[in-house]
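All remarks here apply to the structure that follows.
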Amino acid sequence: MKRNYWFIAMGIVWTVIFSGVSFYWAMGGLFGVRSLGGAIYEMSLNLPPSFVIIVWLTGLIKLLGLILLLMLLVQWEKLIITRIEYFIT
């Protein structure tokens, strides 16, 4: 199966940016928070500890996509593993 390394690289960059936004919000950043909605915007102004933990966890979950994309770069011996990865990603 032929790999398109540009798409994998763009996916890696997008995943890092996407999760980085969550980490930025967890550290108290307010840029773009207003687009999330009323209740979340109100919580981001006060930053209760439970909200900060949830935002950090969502950032970590988003980074799981990075692991999947990096696994696409590995040359697996069995073709079935590569095909399963492509369907998952």
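Atoms considered below: every heavy atom in the structure, side chains included; atoms not considered: hydrogens, waters and symmetry mates.
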Given the rule that I, L, V, M, F, W and Y join up when any side-chain heavy atoms are under 4.5 Å apart, are Ile67 and Val13 in one cluster? no
Listed pairs under 3.5 Å, donor-acceptor, residues 51-59 side chains, sequence neighbours left out:
residue : atom : partner : partner atom : Å
Thr58   : OG1  : Ile54   : O            : 3.4
Thr58   : OG1  : Val55   : O            : 2.7

Determine, using the 4.5 Å side-chain heavy-atom cutoff (strictly less than), whether Leu64 and Val74 are members of one ILVMFWY cluster. yes
Can you list the residues that meet the side chain to side chain contact (heavy atoms under 4.5 Å, CB included) rule with Ile84, with sequence neighbours excluded? Ile80, Ile88
Glu77: what forms a side chain to side chain contact (heavy atoms under 4.5 Å, CB included) with it, not counting sequence neighbours? none
Residues clustering with Met10 (ILVMFWY side chains joined when closer than 4.5 Å, directly or via others): Phe7
Rounded to the nearest 0.5 Å, what separates atom CG in Leu73 from atom OH in Tyr5? 6.5 Å
Run the side chain to side chain donor-acceptor pair (under 3.5 Å) test against Ser19 and tell me which residues pass, sequence neighbours left out. none
Between Trp25 and Phe31 the two heavy atoms that sit nearest each other are NE1-O, 3.0 Å
Atom pair CG/CZ of Leu79 and Arg83 - distance to nearest 0.5 Å: 4.0 Å
Residue list, side chain to side chain contact (heavy atoms under 4.5 Å, CB included) with Ile61, at least two apart or on another chain: none
Could you work out, with side chain to side chain contact (heavy atoms under 4.5 Å, CB included) as the rule, every residue matching Leu66, not counting sequence neighbours? Ile12, Thr15, Val16, Leu63, Leu70
Other than Trp14, which residues form its hydrophobic cluster under the rule that side-chain heavy atoms must be closer than 4.5 Å? Phe18
State the CD1-CG distance between Ile8 and Leu72, to the nearest 0.5 angstrom. 5.0 Å
